[in-house]
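Reading through the structure tokens given below for one structure.
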Amino acid sequence: MSGTPDTTGGRAPDHAPRTVVVTSMASDAHTWNLVFLQLLIEELGYRVVNLGPCVPDEVLVEECRDLRPAMVVISSVNGHGYQDGMRVIRRLRAADPLATTPVVVGGKLGVTGDEDSERVAELMAAGFDAVFDDGADPAAALRGFVHSLQAGPPALAGRAPAG
Amino acid sequence: MSEGFGAFVRAHGGEGRLVVQPRMGFGDPHRMREGLAATRAADALTVGTITLDAHTRVGHLQAVERALRDGSDLNGYPIVSHEESVTRWVLSAASGPGFPVQVRHGSAAPADIFRTLTRLGLGASEGGPVSYCLPYGRTPLAESVRNWRESCEVFAGLRERGVEPHLETFGGCMLGQLCPPSQLIAISVLEALFFIRHGVRSVSVSYAQQTHPGQDREAVAALRRLCGELLPTDDWHVVVYAYMGLYPVTEHGAYRLLGQAAELAVASGAERLIVKTVAESRRIPTIEENVAALEYADRTAALTGRAPDPGADTQTYREAAALTEAVLNLHPDIGEALLRAFRAGYLDIPYCLHPDNRGETRGRIGDDGRLLWERTGALPIGRIAGSHRARPVTSAGLLEDLSYMRRRFDEVAVEHRTPLPVPGTRGTGAG
């Protein structure tokens, strides 16, 4: 059944362009955001490799380097999103094949709950392609971003989304 | 020997009285000290909490040091990194006879944390080899079992210093939502047995409020009965957690749900309650919000009576007993039994992404609000649980179940009982 979170991978290289990596970062122990994102992205026509909560930087970089995913979706809800995100994006961008891979981050990025446009700008400048701060409707924002990718470079095109 | 955490809660909670506790943790020692003092001073029967930060939980002490140096916020108190003299100063605000403090952390590799607690003479913590491993990361379960065995043995050494160490299982809270109660109960009891086998003689068992008050009362009754049958000690108590899933965003919703948790705790004879606050859905709560939640829970508890026993032979009890027995029969060493149980699918947490979890089970919310097994995988309860037609899971359907309680409690409609008036809006803007 397509709704079953797949944590093991079953990596076929020929599917790699249509694979999306869903992940948390090292200090973030939350799961439900990741389960939800997996289902959402599967519904948009991609295969998802879900790395789960508390993914160490090395594991994240290694998995992405091996999988060459169409996109990396990082979710952070524990308040360390800014700190973890700044560190992780530099490591991902430093890994050769990931220099231009679309990488997005979303969730609760600080601990105060305040909107923080300065931090969003810093995350973008450090190499993220989109930052979805916990605001209006991050799921809709992500869907919109995926659609814009699908309209973009052919290598990124997934199946036509259902809606 | 000084009165420990377990003895304090058993002396003051239960039989209609409730010890209430926050989940408070701040990186700044001044704020942590202030938080403990405010918890103690609250108009409620309280115990204190020091919740550790996420970097310490996963052993990234360099990240803690960087954050302390840069002045970045940490989401909890870094007990391993702060000087012991600093932590003693923090504790001196409140900790002592009549106000035990529990350290909460969430680590699958907690040996450093337990060594620090033992040096500090801090006698209460929580977690477990399963509940602090599977939901939270990628540490192999076998490693977590080894780490927790060692940590229990380190912690048991506190007795030589005149402190009776106390451990609470986190097994009753697995993933916070959508795990039917019987498996929460089974894991909580199994973790308590694990602690006791490895030298910790004072324990508490957790249960997190789920989606249906009647089912929750059945669950706590089942948990108490199983503990009575299986734990080789009288030194245990039950701690109820206010709902751990998506929390209501409105103030009235948040308080109503907290009130229902306090009612569950008192009605089911639980001794202790971990509260949630109005800020829960948005950010780490302030000290004031925590105090308001503690006082609200205390007042609600005072108005609640013990409910009639739902009877011992409920489906929840039968499932929990079958799960526990099947696991215990796998191996005389309980750590090994837990490993075999997850390999065989005798324990299998719905939606848990950990590589050592089979991931063949699903829970869902039924039409009456009870949590049901949608798929039982290889759990040895197929015949007791009955079968429900499994539906494909969609992101929208999952979100609907995940936000069921938030939706219901944020609605303005008031139930038959009139809840206590919601406290004033103090504390807003203090975050």
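The figures that follow rest on heavy atoms only: side chains count, while hydrogens, waters and symmetry mates do not. The sequence lines fix the lettering, A, B, ..., with proteins before strands; numbering per chain opens at 1.
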Check ion pair B/Lys276-B/Glu289 (N to O, under 4.0 angstrom):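 No, this pair does not count.
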Test: A/Arg93 and A/Asp129 ion pair at under 4.0 Å: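 Yes.
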Ring centers of B/Phe170, B/Tyr241 separated by less than 6.0 Å: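 Yes: the rings meet the under 6.0 Å criterion.
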When A/Val59, A/Leu37, A/Leu40 are compared by non-hydrogen pairs under 4.5 Å with chain B, the top option: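 The candidate making the most pairs under 4.5 Å is A/Leu40.
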Top of A/Ser27, A/Ser24, A/Ala26 for chain B proximity - count of heavy-atom pairs under 4.5 angstrom: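 Looking at each of A/Ser27, A/Ser24, A/Ala26 in turn, A/Ser27 comes out on top.
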With a 4.5 angstrom heavy-atom cut-off, which part of [X] approaches chain A: side chain, backbone, both or neither?
| X | answer |
| --- | --- |
| B/Gln177 | both |
| B/His55 | both |
| B/Leu402 | side chain |
| B/Ala67 | side chain |

Whether B/Trp148 and B/His105 hold their rings parallel, tilted or perpendicular, with breakpoints at 30° and 60°: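 Aromatic pair B/Trp148/B/His105 classed parallel.
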Interface moiety of A/Val77 toward chain B, non-hydrogen atoms closer than 4.5 Å: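 The answer is neither part of A/Val77.
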Side chain to side chain donor-acceptor pair (under 3.5 Å) partner of A/Ser75, the single match among A/Asn33, A/Thr31, A/Thr23, A/Asp28: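 Running side chain to side chain donor-acceptor pair (under 3.5 Å) over A/Asn33, A/Thr31, A/Thr23, A/Asp28 with A/Ser75 returns exactly one hit, A/Asn33.
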Under 3.5 Å donor-acceptor, B/Glu191 side chain and B/Val130 backbone: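 Yes; judged by distance alone, with no hydrogens or angles, the pair exists.
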